Amino acid sequence: MTDLTQNPASTPGQVPPRHGSLLTQGARTKRRNAAEKRFQLYGMIAIGIGLLMLVILVTTIVSRGLGAYQQTFVTLNVELLESKLDKNGNRDLDEIKKVSTFGYAPLVKTALADAVAGYGIDTSVPAKDMDDLLSKGAVAQLRDYVIENPDQIGQTVSFEFLASSRVDGYLKGRVSRESIANDKSISAEQLDLVDDLIEQGAIRKQFNLSFITGADASDQRPEAAGMGVSMVGSLFMMLVVLVLSLPIGVAASIYLEEFARKSWLTDVIEVNISNLAAVPSIVFGILGLAVFINYMHLPMSAPLVGGLVLTLMTLPTIIISTRASLKAVPPSIRDAALGVGASKMQAVFHHVLPLAAPGILTGTIIGLAQALGETAPLLLIGMVGFIASNAPDSIASGLLAPNSAMPAQIYEWAKRADPAFYERAWGGIIILLVFLVTMNTVAVILRRRFERRW
Amino acid sequence: MNQMTSVEKTVSTEANKITAEGVQVYYGDTHAIKDVNVQIEDKTVTAFIGPSGCGKSTFLRCLNRMNDTIDICRVEGQILLDGENIYDRKVDPVQLRAKVGMVFQKPNPFPKSIYDNVAYGPRIHGLARNKAELDEIVEKALRRGAIWNEVKDRLHAPGTGLSGGQQQRLCIARAVATEPEVLLMDEPCSALDPIATAQVEELIDELRQNYSVVIVTHSMQQAARVSQKTAFFHLGNLVEFGETGQIFTNPTDPRTESYITGRIG
């Protein structure tokens with residue numbers, strides 16, 4: 001209140017107002033206002049930097065990852081020669097199955113050479129090297145088709161084969177004639193052939209659904225790798241996490257918050273729960289390895305084990321947020337319930353818990369989202385690896401069959417040598433981010449919808 | 001409103017409803033209530049007055065064991081309700097609170113409908129066998145709470161949407177819905193305006209027909225208006241207890257006189 005600085009403008013004779021005019025700012029006020037302006041500026045700069053980072057992040061991810069959603073396909077008419085596929089001609093499935101992919105390879109080669117000749121393309125590529133343009137999986141695709149449709153043997157069927165990752169990269173601009181100088185997988189002549197086939201419409205890019213639904217593929221076939229199986233693995237883990245951590249976490253928080261008498265023991269528990277929330281996730285991973293796999297002999301790489309480890313990680317988050325939302329329910333509601341003769345449990349379950357539910361749900365969803373993006377603990381329990389089974393098989397085999405998880409799959413792709421996998425890692429990150437953003441949006445909507453104000 | 005009515009109220013000669021003997025309350029190391037003896041009669045309004053922090057609310061909360069919810073609170077001595085010690089180990093506080101209802105300082109309706117607010121107590125105590133009976137109980141309670149006419153058309157509107165005075169009367173209706181024998185009121189009018197206060201006071205006077213009412217109040221005028229008996233608390237001691245008229249016109253203890261005349265508190 002008292003301003004002790006002397007006013008130098010005071011002259012004898014006229015009495016200046018003690019605090020100066022209201023229309024001019026004093027030196028102190030000016031400094032104070034300048035400091036406030038400066039602080040606001042710092043804040044705006046900080047937000048600007050944050051937004052800029054976000055924009056860089058999103059544009060980088062999208063620009064690098066979108067390529068994975070397009071794939072190059074080669075359209076070919078393949079004659080399914082009876083003489084090669086079913087020598088006896090009796091369409092016995094067991095006999096047809098005896099023909100390995102080696103038996104099918106010549107059919108594909110011939111079909112490609114015939115197509116090139118049919119388009120009237122003049123090429124120096126020998127016919128035996130032409131199938132470098134196709135994915136190594138093309139032959140298997142053909143065989144699967146024949147085994148499923150044995151009556152088609154002897155017909156000519158049109159197929160869309162995956163192009164090899166080099167051809168795919170060439171169409172996407174990842175591979176150029178300079179970059180393949182030391183590449184044994186493809187030559188400049190073959191790229192010329194690709195150019196010609198593109199002109200004829202036999203090679204083109206289209207939307208690649210199997211990236212979203214498919215399984216991982218071996219090192220030689222990045223063009224066939226997909227996220228589907230690891231999405232199923234993540235889903236199984238999230239189910240385990242939800243089923244375990246929500247009831248355990250909520251029960252623990254209700255007991256600690258509403259029933260437990262405050263003592264040194266509850267203090268210790270409280271401090272340790274907060275500490276657990278800050279424990280690096282890899283610690284939980286090695287704990288899971290030691291307890292669940294080495295001691296309890298649960299199967300390696302199984303979503304059940306992954307879910308258990310992530311439950312350990314998620315519990316502190318859920319307990320902390322549940323306790324916070326229980327604390328936020330005004331004590332007068334508890335008094336009111338106890339006052340009309342409700343037992344403590346009735347007061348909690350009839351009145352406190354419904355009011356805390358939006359907060360609990362939000363905390364749970366955010367905990368799940370955290371668990372969904374967690375990679376480190378999965379490395380230790382072996383949930384990174386090559387899972388060759390296709391999506392329907394892995395769903396059927398459930399919680400105990402080896403599986404991968406989305407972040408682990410991304411990590412796996414990112415460390416493989418072929419740059420085509422790198423593109424798929426970015427594509428996988430897009431899927432992961434879509435899940436995370438969706439979950440967080442649901443959390444925000446739930447909070448807005450059900451939040452009650454007093 | 002009219003101070004004269006309180007003086008001429010006759011005090012019923014029925015047996016004591018609640019008898020407190022040598023009650024001591026400790027909050028951790030703090031001795032909050034020191035050796036209080038008091039008799040609360042049936043079908044009377046007993047007012048507890050005294051300066052802030054004198055322990056009158058604490059003592060009130062002892063009467064239905066609401067203090068049990070505070071970990072560090074410890075009660076000694078005995079409080080008899082109809083001759084039974086409510087601090088006996090065999091007493092379930094939940095059953096006790098059904099007999100001794102409570103209305104709080106701040107109106108605290110549940111964030112549910114008006115109907116559900118009142119029906120909650122009867123529901124958990126199983127007082128109604130079917131919907132019709134429950135409807136009847138709710139209507140009776142709301143009528144006793146003198147709020148029926150205002151809410152009968154919107155029983156399913158949220159109780160939190162009512163005005164402060166209406167909320168407090170709803171809380172009173174909620175408290176009487178479980179058919180308690182004693183009604184404890186902890187400064188029920190401190191958050192209300194004068195008109196709502198007058199309504200609640202009128203209601204308290206009506207409730208006296210059926211219940212024994214204990215009210216904690218900061219307002220001496222309110223104590224004089226609504227109560228037949230008054231207890232004056234000071235620093236955890238029960239200084240004086242007697243007929244309201246006598247306490248306000250002819251207090252025996254100098255501390256009571258100082259408080260009533262405005263020299264302390």
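Fair warning: this is a prediction, and the values are worked out from it, not measured in the lab. Labels below follow one simple rule: chain letters A, B, ... track the order of the sequence lines, proteins then strands, and each chain is numbered from 1.
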Q) Given A:D335, which of B:Q105, B:K106, B:M102, B:M66 fulfils the side-chain contact (heavy atoms from CB on, under 4.5 Å) condition? A)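 The side-chain contact (heavy atoms from CB on, under 4.5 Å) with A:D335 is passed solely by B:M66 among B:Q105, B:K106, B:M102, B:M66.
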Q | Student check: side-chain heavy atoms of A:H351 and B:Y120 closer than 4.5 Å | A |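 When only atoms from C-beta onward are counted, B:Y120 and A:H351 do touch, with a gap below 4.5 Å.
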Q) Can you find a heavy atom in the side chain of B:P111 that is under 4.5 Å from one in the side chain of A:I333? A)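 Result yes, sub-4.5 Å side-chain heavy-atom pair found.
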(Q) Which atoms of B:P122 are under 4.5 Å from chain A, going by heavy atoms: the side chain, the backbone, both sets, or neither? (A)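 Neither part, no heavy atoms under 4.5 Å.
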(Q) So for B:R61, is it side chain, backbone, both, or neither that comes closer than 4.5 Å to the heavy atoms of chain A? (A)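 For B:R61, side-chain heavy atoms alone lie under 4.5 Å from chain A.
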(Q) Ignoring hydrogens, what is the shortest heavy-atom contact between A:V340 and B:R174? Give both atom names and the distance. (A)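 Heavy-atom minimum between the residues: CG1-CG, 3.7 Å.
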Q: Identify the heavy atoms of A:R261 and B:D71 that sit nearest to each other, and give their distance.
A: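 Looks like NH2-O, 3.0 Å.
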Q. Once you round to the nearest 0.5 Å, how far does CZ of B:R123 lie from NE2 of A:H350?
A.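 With rounding to 0.5 Å, CZ (B:R123) is 10.0 Å from NE2 (A:H350).
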Q. What distance separates A:K344 NZ from B:D68 CG, expressed to the nearest 0.5 Å?
A.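 Nearest 0.5 Å value for the NZ-CG distance: 9.0 Å.
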Q. Should the heavy atoms of other residues, nucleotides or ligands under 6.0 Å from CZ of A:F435 be counted, would the total exceed 12?
A.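 Result for CZ/A:F435: open.
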Q.
Are more than 12 heavy atoms, taken from residues, nucleotides or ligands other than B:E206, located less than 6.0 Å from that residue's CD atom?
A.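 Result for CD/B:E206: enclosed.
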Q: Mind ranking A:A337, A:A336, A:P331, A:S343 by heavy-atom pairs under 4.5 Å with chain B and telling me who comes out on top?
A: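 Looking at each of A:A337, A:A336, A:P331, A:S343 in turn, A:A336 comes out on top.
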Q. In terms of heavy-atom pairs under 4.5 Å, which option from B:V94, B:V100, B:N117 contacts chain A the most?
A.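 Highest number of heavy-atom pairs under 4.5 Å: B:V94.
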